[in-house]
Novice: 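Right, I'll just put the structure down here and ask away after.
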Amino acid sequence: DVKVTQSSRYLVKRTGEKVFLECVQDMDHENMFWYRQDPGLGLRLIYFSYDVKMKEKGDIPEGYSVSREKKERFSLILESASTNQTSMYLCASSLEGYNEQFFGPGTRLTVL
Amino acid sequence: SQQGEEDPQALSIQEGENATMNCSYKTSINNLQWYRQNSGRGLVHLILIRSNEREKHSGRLRVTLDTSKKSSSLLITASRAADTASYFCATPYTGGFKTIFGAGTRLFVKA
């Protein structure tokens, strides 16, 4: 059964902290994605990666960076967390660009 | 703006009734996908319909696609309380890796 896991379901951090969100997929997928989901705004793409060490900015990359050192792992980094980054973060993967995406359970991040 | 827009924003029905959700999009598509999200969880892929298909079935789900009107509909027949969730349509950008998700329809099925 296909699986995407995220390192934490809930996370509470303080303003200014560096935050790491990790995502692992076991499907040998080429593409991985990070979204944030906020009420009334739907899913917004932060970054995506189509290969190891390759990354592309999504619609809202400001304040975030990513790392993909291994095919199965895609990390989202908040260099200096701010309260407006309080959100639900969703990781996803897909075999090819047009294919369906498989999502992790999400990480609800609260920045105080 | 969002490529896919769902209608209605919210829907409340009785168990056993059918639920219909609509999605409109703006540009050419390769395929259109529908996802479900239970409260506080990740999205789950339900069904994918390609641009050259007009209708597709999967269990109690029926999806239609009208590329001339740039619209799709998701029908859930004989709904159950467990179908209570948000439903999203999604359209991958032609030629790209990005997929645009609509704002979703919140479905509440009363037992």
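This one's a predicted model, so the numbers in the text were calculated from it and none came from an experiment. Each chain gets a letter, A, B and so on, in the order its sequence line appears, and its residues count up from 1. Quick note: numbers below take in every heavy atom, side chains included, and nothing from hydrogens, waters or symmetry partners.
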Novice: Give, as side chain, backbone, both or neither, the part of Gln37(B) having an atom under 4.5 angstrom from any heavy atom of chain A.
Specialist: side chain

Novice: Under 3.5 Å, is there a donor-acceptor pair linking the side chains of Thr99(B) and Gln33(B)?
Specialist: no

Novice: Look at the side chain of Thr107(A) and the backbone N and O of Ser8(A), then say whether any donor-acceptor pair between them is shorter than 3.5 Å.
Specialist: yes

Novice: Can you say whether the rings of Phe48(A) and Tyr50(A) are parallel (under 30°), tilted (30 to 60°) or perpendicular (over 60°)?
Specialist: tilted

Novice: With under 30° as parallel and over 60° as perpendicular, where do the rings of Tyr35(B) and Phe103(A) fit, or are they tilted in between?
Specialist: perpendicular

Novice: Side chain, backbone, both or neither: which part of Leu43(B) has a non-hydrogen atom closer than 4.5 Å to chain A?
Specialist: both

Novice: Quick check for you: among Gln37(A), Glu96(A), Gln6(A), which has the greatest number of heavy-atom pairs under 4.5 Å with chain B?
Specialist: Gln37(A)

